[in-house]
Amino acid sequence: MINKLYVASHKKEEALLAAWGEVYANPPSEREAQKLLAADPGSIQFIGLNEKGENVYWAPLEEIPQCLKAMADFLPLLGDSLANWMIVDQDRG
Amino acid sequence: MHIIYYCYGSAHSSIIAAHLHLGNLPKDPPASVEEIMALPDFDRAQNDDLGHFFFKGRDEKRRAVYTAALGKRPDMMLNFLLNLARINGVDPKAFFFVNALSCLGYMAKMGGALSRRYGLVKLGRKLAAKGVLESYPRLVRLVEETKRQVEEWERKHCFKGRFSL
């Protein structure tokens, strides 16, 4: 596993805090959190490296099942694969 | 180089655009209702297909042509996919995402909804095919403009025979 992607449609802030908590000991500052939460839907924000050396990302999405199907089909065109990604859907808990 | 025609469900406008691009449908005179309805993938996609990409073939310059069902939030979906490209170090401009739905008129959309959403396949499919004919000139222009832009991009970014995506 190389990348870990936290996604949420409804629980965006929870997903962000979970992603952040995986990388940093302290929660994000309010300013940092607001800046990230203002990101356009669909954008993928790099949070940092976790202790396993995996890239941790956070993405505010809509229609998550469709996004993940598109991701699975699109990644091979980039020379990547969904097998390299762990998806954490915060809406599903 | 990847050319991806997208619409809501990859059932109508993107299918016609991809077939026009690949030369499977005539540009002028336009295809007939029967030719459109005979396409194996016209008005066939299911709800489960939302989000998926479908490889349709390679054009005369060996570029890969796809259709994609990007649902009701295509801008968000494109943002997500192009972010994935950037993360992978791939130039997002190597992907031509083309909105085919914008070419479609009311009749085709209504036919499509009747067939795909409400299960009135016989009526809806024929109406969608007739609607597509109404929108045909716009779809032809879309494909021609896409090919022009792709060629321009290739002229700027590719060295003959040495670099291809």
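Below, chains carry the letters A, B, ... as their sequence lines are ordered, and counting in each starts from 1.
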Ring centroid separation B/F97 to B/Y5 under 6.0 Å = no
Partner of A/W58 under side chain to side chain contact (heavy atoms under 4.5 Å, CB included), chosen from A/Q45, A/E22, A/Q90, A/K4 | A/Q45
How long is the gap from CD1 on B/I4 to CZ on B/F55, to the nearest 0.5 Å?
-> 11.5 Å
Would you give the length of the straight line joining atom OG of B/S115 to atom CG of B/L120, rounded to the nearest 0.5 angstrom?
-> 8.0 Å
Please look at [X] and chain A and tell me whether the side chain, the backbone, both or neither of the residue comes under 4.5 angstrom of a heavy atom of that chain.
| X | value |
| --- | --- |
| B/L78 | neither |
| B/A68 | neither |
| B/F95 | side chain |

The residue among B/H2, B/H52, B/K56 that forms side chain to side chain donor-acceptor pair (under 3.5 Å) with B/Y66 is B/H2
Between A/F46 and chain B, which part of the residue has a heavy atom less than 4.5 Å away: side chain, backbone, both or neither?
-> neither
Chain B contact via A/L61 - side chain, backbone, both or neither, heavy atoms under 4.5 Å = both
